[in-house]
Enquirer: 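Let me give you the structure first, and then I'll get to my questions.
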Amino acid sequence: MAYSAILRLSSPACRYIIHQSLPPFSPLLSHVLSPSTIPSNFEYCLVISALAPALFSAVGGGGALLQDAGAAVLVIGGGYALVSTFDNLTRRNLIEQSLSRKLVHILSGLLFMAAWPIFSTSTGARYFASLVPCINCSRLVIHGLSLATDEGLIKSVTREGKPEELLRGPLYYVLVLILCAIVFWRESPIGVISLAMMCGGDGIADIVGRRFGSLKIPYNPQKSWAGSLSMFLFGFLVSIGMLYYFSILGYFELDWVWTIKRVALVSFVATVVESLPTGKLMDDNISVPLASMVTALLSF
Ligand SMILES: C/C(=C\COP(=O)(O)O)CCC[C@H](C)CCC[C@H](C)CCCC(C)C
Ligand SMILES: Nc1ccn([C@@H]2O[C@H](COP(=O)(O)OP(=O)(O)O)[C@@H](O)[C@H]2O)c(=O)n1
């Protein structure tokens, strides 16, 4: 009944329109809809309720709407599941908090982007997809302002377990997801590369840099050559991998030799920007995707 259009069908014109626009799917229908029969309004409502899904999918509205709403619910659930999974791993001391945060950093955006093809081809699909980071954005603001408490969220995405940390890196991160979903979506490699560099590149730099980053960068002792090199390589590979994923699904047709060169350039520029001592001026979750977008816009 949710999709059924309960229409006032008393007017003959309305019944005529229905009769003309709906092929008689069965003898029952042709009887009920034929102008010679005068069915009650209840019978018409019954018919419309039965045919509404077909009607909606025939006009492209309900089918796409249903698909996008379902996809959004599925991905929102996936986001909650991901965060709570890493919260449990951290609580059980199976992984340290900094590693948990970085794995959430790497996986959230990449899995969100990988889910884009399950949304419909309608023009509104990108807005349904952006609902996912939007809901997480409101979640981060609510808990970042301590209007509510979610220990699991705080433990799995903050460095020191302070709620106000949610209003910096994590918030900028989901805002970039919203921007890329709405502005670039599945139509442009720029959004894909920017998210790959922010999620994959910047994420791996922390993991590798903390463990193997003894050789520091001269102009920024907080960063290391190992961290930056891993960002360049992993960011490049994740970018190419995601572009290949979307291209085999038919969203991009790319000249791969040309593309590889430009992705390498984007990855290099993003890595240099991330290595700069500008963390206090601009969070990496803004500077890395911004540098990637500008470089990709100029080179693609
Ligand atoms: C830990 C995060 C950012 C911190 O960045 P940094 O300070 O370490 O540089 C990521 C925060 C993720 C957010 C809480 C949840 C986002 C969920 C995502 C929009 C949907 C994922 C769906 C997918 C299917 C798992
Ligand atoms: N290029 C890089 C990036 C991070 N790192 C290491 O990872 C730690 C966290 O890096 P970061 O401050 O960029 O972390 P986020 O701002 O990305 O959360 C740094 O303090 C370094 O120990 C590195 O060695 N080289």
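As the structure lists them, so they are numbered: ligands from 1, and atoms in each ligand from 1.
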Enquirer: Among protein heavy atoms, which sits nearest to atom 2 (C) of ligand 2, and what does the distance come to when rounded to 0.1 Å?
Expert: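 Result for atom 2 (C) of ligand 2: K223 CD, 3.4 Å.
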
Enquirer: Taking all non-hydrogen atoms of both residues, which atom of M197 and which atom of S267 are closest, and how far apart?
Expert: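 Looking at all heavy atoms of both residues, the closest pair is CE-OG, 3.4 Å.
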
Enquirer: Which of the atoms in ligand 1, numbered in the order shown and given with their element, are less than 4.0 Å from a heavy-atom of K102?
Expert: 6 (P), 8 (O), 9 (O)

Enquirer: List the closest protein heavy-atom neighbour of atom 13 (C) of ligand 1: residue, atom name, distance to the nearest 0.1 Å.
Expert: V174 CG1, 4.1 Å

Enquirer: Looking only at side-chain N and O atoms, does D68 offer a donor or acceptor that is under 3.5 Å from a partner on S120?
Expert: yes

Enquirer: Which protein non-hydrogen atom lies closest to atom 20 (C) of ligand 1, naming both residue and atom, and how far is it?
Expert: V132 CG1, 3.7 Å

Enquirer: At less than 4.0 angstrom from any non-hydrogen atom of E274, what atoms of ligand 2 do you find?
Expert: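 It comes down to these atoms of ligand 2: 1 (N), 2 (C), 3 (C), 13 (O).
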
Enquirer: Heavy-atom distance to atom 7 (O) of ligand 2: which of L215, D206, L276, V288 wins?
Expert: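 Going through L215, D206, L276, V288 one by one, D206 has the nearest heavy atom to atom 7 (O) of ligand 2.
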
Enquirer: I'd like to check which ligand 2 atoms, numbered from 1 as shown, lie under 4.0 Å from a non-hydrogen atom of Q222.
Expert: 19 (C), 20 (O), 21 (C)

Enquirer: Is it true that A115 lies under 4.0 Å from ligand 1, counting heavy atoms only?
Expert: no

Enquirer: Taking all non-hydrogen atoms of both residues, which atom of A226 and which atom of V208 are closest, and how far apart?
Expert: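 For A226 and V208, the tightest heavy-atom pair comes out as O-CG1, 3.7 Å.
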
Enquirer: Below 3.5 Å, N or O to N or O, backbone or side chain included: is there any such pair between H105 and ligand 1?
Expert: yes

Enquirer: How does L107 reach ligand 1, if at all, at less than 4.0 Å between non-hydrogen atoms: by side chain, backbone, both, or neither?
Expert: neither

Enquirer: Check each of G227, G209, A205 against atom 4 (C) of ligand 2 and report the one with the nearest heavy atom.
Expert: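 Of the listed residues, A205 has the closest heavy atom.
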
Enquirer: Check each atom of ligand 2 against the heavy atoms of D202 and keep those under 4.0 Å away; list them by number with element.
Expert: 17 (O)

Enquirer: Is it true that E187 and R126 have a side-chain N and a carboxylate O under 4.0 angstrom from each other?
Expert: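 Counted as a salt bridge, because a side-chain N and a carboxylate O are separated by less than 4.0 Å.
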
Enquirer: Report the relative orientation of the aromatic rings in F300 and W258; use parallel for angles under 30°, tilted for 30 to 60°, perpendicular for over 60°.
Expert: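 Answer is perpendicular, since the angle exceeds 60°.
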
Enquirer: Over all heavy atoms of both residues, which pair between A270 and S292 is shortest? Give the atoms and the distance, please.
Expert: CB-OG, 3.5 Å

Enquirer: Please determine whether salt bridge (charged side-chain N to carboxylate O under 4.0 Å, His left out) holds for the pair E96 and R211, giving the CA-CA distance in whole Å, both sets of side-chain angles, and the decisive distance to 0.1 Å.
Expert: CA-CA 13 Å; E96 58 185 57; R211 286 158 181 75; 3.5 Å; yes

Enquirer: Report, in ascending order of atom number, the atoms of ligand 2 lying under 4.0 Å from any heavy atom of D284.
Expert: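 What qualifies from ligand 2 is 13 (O), 16 (O), 17 (O).
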
Enquirer: At less than 4.0 angstrom from any non-hydrogen atom of V157, what atoms of ligand 1 do you find?
Expert: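 Numbered from 1, ligand 1 contributes 1 (C).
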
Enquirer: When only distance counts, is R210 in polar contact with ligand 2, meaning an N/O pair under 3.5 Å?
Expert: no

Enquirer: Considering the heavy atoms of R159, write down every atom of ligand 2 situated less than 4.0 Å from one of them.
Expert: 12 (O), 14 (O), 15 (P), 16 (O), 18 (O)

Enquirer: What atoms in ligand 1 come closer than 4.0 Å to a heavy atom of L177?
Expert: 19 (C)

Enquirer: Can you pull out the closest protein heavy atom to atom 8 (O) of ligand 1? Residue, atom name and distance to 0.1 Å, please.
Expert: R101 NH1, 2.4 Å

Enquirer: Under a 4.5 Å side-chain heavy-atom rule over Ile, Leu, Val, Met, Phe, Trp and Tyr, are F236 and V257 clustered together?
Expert: no

Enquirer: Run the side-chain contact (heavy atoms from CB on, under 4.5 Å) test on V176 and N285 for me, step by step, so that the C-alpha distance in whole Å, both residues' side-chain angles and the decisive distance to 0.1 Å come before the verdict.
Expert: CA-CA 8 Å; V176 170; N285 291 343; 5.6 Å; no

Enquirer: Can you tell me the protein heavy atom closest to atom 23 (C) of ligand 1 and the distance?
Expert: L111 CB, 3.7 Å

Enquirer: Go through ligand 2 atom by atom and flag the ones less than 4.0 Å from a non-hydrogen atom of S228.
Expert: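 The atoms of ligand 2 under 4.0 Å from a heavy atom of S228 are 1 (N).
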
Enquirer: Heavy atoms only: give me the nearest G235-S239 pair and the separation to one decimal.
Expert: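 Shortest heavy-atom separation between G235 and S239 comes out as O-OG, 2.7 Å.
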
Enquirer: Give the minimum heavy-atom separation between G144 and L166, together with the two atoms involved.
Expert: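 Between these two residues, the closest heavy atoms are N-CD1, 3.8 Å.
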
Enquirer: Counting each atom of ligand 2 from 1 as listed, which ones have a heavy atom of R101 under 4.0 Å away?
Expert: 18 (O)

Enquirer: Within this structure, what is the NZ-CG distance for the pair K155 and N88, rounded to the nearest 0.5 Å?
Expert: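 Between atom NZ of K155 and atom CG of N88 there are 11.0 Å.
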
Enquirer: For atom 3 (C) of ligand 1, find the nearest protein heavy atom and state the residue, atom name and distance (0.1 Å precision).
Expert: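 The closest one turns out to be P170 CA, 3.7 Å.
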
Enquirer: Quick one: does S224 get an N or O within less than 3.5 Å of an N or O on ligand 2?
Expert: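 Checking ligand 2 against S224, an N or O pair does fall under 3.5 Å apart.
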
Enquirer: Would N136 count as a contact of ligand 1 if the rule is a heavy atom under 4.0 Å away?
Expert: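 In this structure, N136 qualifies as a contact of ligand 1 - some heavy atom is under 4.0 Å.
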
Enquirer: If you count the atoms of ligand 1 from 1 in the order shown, which ones are under 4.0 Å from a heavy atom of G78?
Expert: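 Near G78, the atoms of ligand 1 are 25 (C).
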
Enquirer: Judged by non-hydrogen atoms, does R139 sit under 4.0 Å from ligand 1?
Expert: no

Enquirer: How far is atom 12 (C) of ligand 1 from the closest protein heavy atom, and which atom is that?
Expert: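 Its nearest protein heavy-atom neighbour is S108 OG, 3.8 Å.
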
Enquirer: Please list the nearest protein heavy atom to atom 17 (O) of ligand 2 with its residue and the distance rounded to 0.1 Å.
Expert: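 Looking at atom 17 (O) of ligand 2, the protein heavy atom closest to it is K102 NZ, 3.1 Å.
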
Enquirer: Can you tell me which residue among L171, L177, I178, V174 is in a side chain to side chain contact (heavy atoms under 4.5 Å, CB included) with N136?
Expert: V174

Enquirer: Please work out which of the three classes, parallel, tilted or perpendicular, describes the rings of W185 and W116, given edges at 30° and 60°.
Expert: tilted

